[in-house]
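Data first, discussion second: the structure below is written as structure tokens.
Whatever order the structure lists them in is the order used to number ligands and atoms, beginning at 1. Only a predicted model underlies this, so the values are computations on that prediction, with no experimental measurement involved.
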Amino acid sequence: MINQQTEQNYQGILNRYGQLLQLPAHSQRVTLLEGNTPLIPLPRFVDELGGGFEFLIKYEGLNPTGSFKDRGMTAAISETLGAGSKAVICASTGNTAASAAAYAARAGLKAYVLIPQGKVATGKLAGAVAYGARVIQIEGSFDDALTLVVRLSQNHPIALVNSINPYRLEGQKTAAFEICDALKKAPDWLCLPVGNAGNITSYWMGFKQYNDLFGSGLPKILGVQAAGAAPLVAGHPIDFPETIATAIRIGKPARGEQALQAAEESHGKIIAVSDQEILSAQKRLAQEGIWVEPASAAGLAGFIRQVNAGHIDPKGKRIVTICTGHGLKDPDTISKNMPQPDLIPSDLHILEKTILGE
Ligand code: F0G
């Protein structure tokens, strides 16, 4: 297996794992030192469920643009820059847009991003704008936007950097490698949210590759969709997906078949959870100091649901749950329901009374 590099010499996922990724020789490395994200234990959560198992959060919100997309984007942008592209395009529920914009800026390429009108969280949109992308809203869903950018990229010299692009998956495999390297083997379960289904596909590819090379074992995969946007659970596309977890508000996942295959081959499952379960998992994570955007809490929500239903017995197991994006990406879900903070005069006596009571 690959040894952990020290923080001082860490140079991003392509430097660390490039020899295990199917990237063309013409690739020209573009990096923001993505990856190398921590595995954070949730000890109080484990106690609440009766103890006797290990539960770790892989906090992908700590990537340079605040989501796991940076792993795939360093690979896709490196390839397309080396191939001579001048511009890239993607459809996005927000995180891909911010990541594409950042890596395109880094590479000196123009980025175009298509987003569904009014359904992209503030932090993501602001990111895409800050990095200098040309942001276009469409009167339609993510699925409509994806159809448009696929067609456009076929007719014009603008590279598609959605996860249909195979190099995105190559980069995203590295999260599975990191988990195996840190734990010395694959966990028993891997729980993660599923939207367009690139990430679950990448993890399964990564775990299989590492197992073939190093005998690191294979996890069961629990993919989790939001109930209002769960085509892989329903068994058919959803025309009007709806969920508070806007990142995974997707009705026709591009990598749906591969996601179903990953769940089946791993002896895992793809399930759906309600928005309420997602919000309560988001709160549970925050109670242990980890603030994630709603979609990122879906993996935990799914795990809790499976344990409560008796479908997963965690005893003696090691579970890794992927938190895909940072809470700062979507501050509105919190601030909309937030009570106004108390306002007091700048006075010690009043402060004491406010905090300590009468
Ligand atoms: N979590 C977050 C925070 C996401 O942004 C996404 C996807 C997912 C999970 C699901 O990953 O699509 O590979 O199954 N966001 C895409 C975007 C669709 O445009 O940012 P997936």
Distance filter under 4.0 Å to [X] heavy atoms, resulting ligand 1 atoms:
X	result
G198	13 (O), 14 (O), 21 (P)
S296	3 (C)
S92	17 (C), 19 (O), 20 (O)
T96	16 (C), 17 (C), 19 (O), 20 (O)
I248	8 (C), 9 (C), 10 (C)

What about [X]: any of its N or O atoms under 3.5 Å from an N or O on ligand 1?
X	value
N196	yes
E293	no
T324	yes
G195	yes
A97	no

With a 4.0 Å heavy-atom cut-off (strictly under), which part of [X] contacts ligand 1: side chain, backbone, both or neither?
X	answer
I250	side chain
R255	neither
I200	neither

Give, for atom NZ of K283 and atom CD1 of I334, the distance between the pair rounded to the nearest 0.5 Å.
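Answer rounded to 0.5 Å: 9.5 Å.
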For the atom pair CD1 (I271) and SG (C191), what is the distance rounded to the nearest 0.5 Å?
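Reported to 0.5 Å precision, the distance equals 8.5 Å.
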[atom]: nearest protein contact (heavy atom, Å):
atom	result
atom 4 (C) of ligand 1	A247 CB, 3.5 Å
atom 13 (O) of ligand 1	N199 N, 2.8 Å
atom 11 (O) of ligand 1	F68 CZ, 3.4 Å
atom 16 (C) of ligand 1	K69 NZ, 2.9 Å

Is any side-chain N of the basic residue among [X] and [Y] closer than 4.0 Å to the acidic one's carboxylate O?
X	Y	value
R71	E178	yes
R284	E288	yes
E242	R249	yes
E264	K269	no
K69	E60	no

Options A197, A100, S67, ranked by nearest heavy atom to atom 21 (P) of ligand 1, top entry
A197
Can you tell which of N95, V292, T93 gets a heavy atom nearest to atom 5 (O) of ligand 1?
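The option holding the nearest heavy atom is N95.
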4.0 Å heavy-atom contact, V194 with ligand 1
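Contact check V194 vs ligand 1: positive.
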Any S163 heavy atom less than 4.0 Å from ligand 1:
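Flag not set, S163 not near ligand 1.
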Test item: side-chain donor near acceptor, D181 and Y210, under 3.5 Å
yes
E293 versus N95, side-chain donor and acceptor atoms under 3.5 Å
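Yes - a donor-acceptor pair under 3.5 Å links their side chains.
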In this structure, is the centre-to-centre distance between the rings of F55 and F303 below 6.0 Å?
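Between F303 and F55, the centre distance is under 6.0 Å.
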side-chain contact (heavy atoms from CB on, under 4.5 Å) for L146 and I164? Distances and angles first, verdict last.
CA-CA 10 Å; L146 186 59; I164 295 171; 4.1 Å; yes
With a sphere of 6.0 Å drawn around NZ of K317, does it hold more than 12 non-hydrogen atoms of other residues, nucleotides or ligands?
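Counting neighbours around NZ of K317, more than 12 heavy atoms of other residues, nucleotides or ligands fall under 6.0 Å, so yes.
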Would R305 and E277 count as a salt bridge (charged side-chain N to carboxylate O under 4.0 Å, His left out) if you check the C-alpha gap in whole Å, the side-chain angles of each, and the deciding distance to 0.1 Å?
CA-CA 8 Å; R305 169 179 271 254; E277 287 172 285; 3.0 Å; yes
